[in-house]
Structures are given as C-alpha cells and as structure tokens.
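Indexing begins at 1, ligand by ligand and atom by atom, following the structure's order.
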Amino acid sequence: MAAPDRPRFVVTSRLPGDGLKLLAEAGEVVAFDREAPLPRSELLAAIAGATVVLTMLTDRVDEEFFAAAGPGLRAVANVAVGHDNIDLDAAARHGVAVTNTPGVLDDATADLALALILGASRRIAEADRLVRRGEPWEWGMSFMLGRDLRGKTLGIVGLGGIGRCVAARARGFGMEIAYSSRNPAPAEVTAALAAERVPLDALLETADVLTLHCPLTPETHHLIGAAELARMKPTALLVNTARGAVVDEAALVEALRAGTIAAAGLDVFEQEPNVHPGLLGLDNVTLVPHLGSATIETRSAMAELAARNALAAARGEPLPTPVRLPGPSDGPADAP
Ligand code: GLV
Ligand code: GLV
C-alpha cells in the first residue's frame with residue numbers, strides 16, 4: 001500500500017515531551033488535550049479517516065474501533081507496553097499494525113515495584129496512616145516490626161524487561177532471585193542475576209516476595225487465585241505492577257484478611273479505576289493508582305517512541321517496536 005501524502009494522526013490523550021512535535025512535522029495531528037479517557041462516541045468519531053491512532057491503555061481497540069477508523073488506518077500505536085486493550089485478531093482482520101512502548105518504561109516500573117516491596121516489607125503506608133491519625137506512639141523494641149529483604153527469595157513471574165530490572169535492583173538488596181515464565185530467559189541474563197527458573201507452583205511455595213511482571217492474556221487471567229495464594233508462605237508479600245486481572249482480587253482480599261499471606265502492594269486493579277472495597281479497609285495492603293510508568297522522563301520517552309512508531313507506519317518504514325506487523329496475513333511479531 002502506498003504511503004498517504006498527508007497522514008492523519010489522532011492522539012487520544014495529552015502527550016508529554018516531543019511526541020506531538022514529531023507528528024506535526026509529518027502530517028495533520030488531531031490531539032485531545034485531556035487526561036481522562038475520551039468518551040466512546042467521541043473516540044469513534046475522532047478516528048474516522050485516521051492513518052495512525054495513538055491510543056492509551058484506557059482506550060478499547062476492537063472491531064468497532066477498526067470499523068469506525070475506516071480502511072485508511074495503517075497502525076495503532078499504543079502508548080503503553082501492555083496491549084491487552086487491543087484485539088489483535090480484529091487488527092489482523094483489518095490489516096492494521098499494532099505497536100507498543102517496551103523498554104523505555106522498564107526502569108520506572110521496576111522502581112515502583114521496589115517501592116511497593118519496600119513499602120510492604122516495612123509497613124510504610126500503614127505507619128504513615130498511624131502517624132497521621134495522631135495516635136500516641138513511642139519507639140519500642142517490638143513496635144511495628146517489618147521484615148528484612150536480605151537473604152529472602154524474590155519470586156518473579158515473567159522475566160522480561162521489567163522483571164529483569166526488578167531482579168537487578170533486588171540483588172542490590174541481597175535477595176535471591178527465582179522466576180517462572182513461559183520461556184526461559186537468555187542464559188547470560190539469568191547468570192548475571194543468579195536467577196533460577198522454577199515452575200509456578202514451586203515459585204509460590206518458596207517466594208518471600210512474589211512480584212508479577214507478565215502481560216495480561218487469556219492464560220494469565222487470574223493466574224494468582226485462591227489456590228495459588230494458599231500455596232504461598234503466610235509471611236509472603238505479593239506485589240502487582242502488571243495488570244489487575246492477573247490476580248483474582250476477591251481471592252486476594254480473603255487471603256489478606258485470613259492471613260494466608262502477610263501483605264500486598266498493588267499498582268493495578270481488576271476494574272480500574274474501581275478498587276475492590278474489601279481492599280480499602282485492610283491495613284496490610286498498599287494501594288497505588290496505576291503509576292508504574294508515571295515519571296516525567298518515562299512518559300516523555302513513551303510518547304516519543306509511540307510517535308516514532310506512528311511515523312514509521314505512516315511512511316511504510318520498519319516499525320521500531322511492533323506487536324503485530326501490517327497486513328492481513330502476517331502473524332504477531334515476536335514480542336520482545
Ligand atoms: C502501563 O501499564 C503500560 O502497560 O505501559
Ligand atoms: C533506631 O532508631 C536505632 O537507633 O537503633
């Protein structure tokens with residue numbers, strides 16, 4: 001397909017950094033200067049005739065989306081590493097390429113995972129609430145004790161870019177690394193991290209801290225449910241910065257209430273922006289509103305990578321970070 005003379009880029013949310021400038025040099029830009037997701041009807045109207053749409057993880061990209069965009073749509077550039085908001089089969093039916101933003105958010109997301117690991121192990125949010133309530137407190141030998149990280153086992157589900165950055169940080173805290181994943185990570189990676197690959201059941205049983213870094217797919221939906229939580233140590237911490245639905249939230253509420261596991265740190269939720277009401281009353285869970293990649297530097301880098309993907313798609317050039325290549329018959333590209 002020949003590249004359009006004047007591509008039309010639709011951007012569904014405010015973008016930090018130079019992403020919009022890059023797009024404006026190459027074509028017409030329709031950009032929504034807002035944070036909240038576009039209402040569905042506005043989204044569908046705005047994308048009509050688009051060459052590339054830059055989408056957020058809050059935009060549902062499905063059959064209806066592709067039909068509304070029309071036959072000129074060459075790519076959807078998701079400004080996120082996760083792409084569970086996008087129906088890849090529908091993209092294939094319409095011959096539309098899909099890109100994401102891997103790599104540039106690994107450090108920021110790993111930093112937040114460590115913040116939640118440290119926060120849960122040292123009871124930071126609970127302690128902050130205690131001080132703010134103005135309750136009397138005094139230093140005491142057994143007052144608000146947490147647990148050390150040194151010598152403990154960090155269990156990582158999914159040793160991709162983010163999981164590896166978490167492992168490297170945790171090594172600095174003296175933790176041992178074990179992981180489970182569909183495919184083994186490269187030998188040089190696991191050697192550098194001294195990371196051992198084990199089946200998920202073994203990981204659940206040995207992890208002092210379990211941290212999730214896998215994509216949300218039909219296979220990983222509710223990967224951590226009541227049975228898996230029951231296998232974990234009663235002293236274990238669970239940290240989720242991946243996608244809410246990887247964990248059965250209702251089962252987690254029960255496990256935290258019953259002391260099946262000790263504590264959790266959650267950046268993501270099953271029905272964002274709603275949080276299971278059972279979590280709100282528990283002192284042994286730290287709740288963060290999906291901030292994994294939310295730093296100034298990282299969001300700018302994500303916007304620029306999405307813009308470079310959009311430009312490449314409009315020009316018919318190789319895509320920097322494809323999830324699936326253009327054309328009806330190509331399968332998904334190898335995920336990084
Ligand atoms: C954030 O959750 C992302 O997938 O980039
Ligand atoms: C703690 O504050 C200590 O000085 O040991």
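A donor-acceptor contact shorter than 3.5 Å links the side chain of Arg324 to the backbone of Val96.
The ring pair (Phe, Tyr, Trp, His ring centres under 6.0 Å) pairs that include a residue from residues 145-167 number zero, where partners must be two or more places apart or lie in different chains.
When non-hydrogen atoms are compared, ligand 1 lies under 4.0 Å from the side chain of Leu57 (C-beta onward) but not from its backbone. Looking at Thr101 against ligand 1, nothing comes within 4.0 Å, counting heavy atoms.
Ligand 1 places these atoms under 4.0 Å from at least one heavy atom of His290: 1 (C), 2 (O). Of all atoms in ligand 1, listed by their number and element, those nearer than 4.0 Å to a heavy atom of Arg243 are 1 (C), 2 (O), 3 (C), 4 (O). Taking a cut-off of under 4.0 Å to the non-hydrogen atoms of Leu105, the atoms of ligand 1 that pass are 5 (O). Of all the atoms in ligand 1, the ones that sit under 4.0 Å from a non-hydrogen atom of Gly82 are 3 (C), 4 (O). Less than 4.0 angstrom separates some heavy atom of Ala80 from each of these atoms of ligand 1: 3 (C), 4 (O), 5 (O).
By the side-chain contact (heavy atoms from CB on, under 4.5 Å) test, Pro320 is found to be paired with Leu305, Arg308, Asn309, Ala312, residues two or more places apart in sequence or in another chain being considered.
Glu63 and His94 share a donor-acceptor pair across their side chains, judged by distance under 3.5 Å alone. Judged by distance alone, the side chains of Asn85 and Asn78 do bring a donor and an acceptor atom under 3.5 Å apart. Under the 3.5 Å distance criterion, with hydrogens and angles disregarded, no donor-acceptor pair is assigned to the side chains of Glu270 and His221.
The protein heavy-atom contact nearest to atom 5 (O) of ligand 1 is Val81 N, 2.8 Å.
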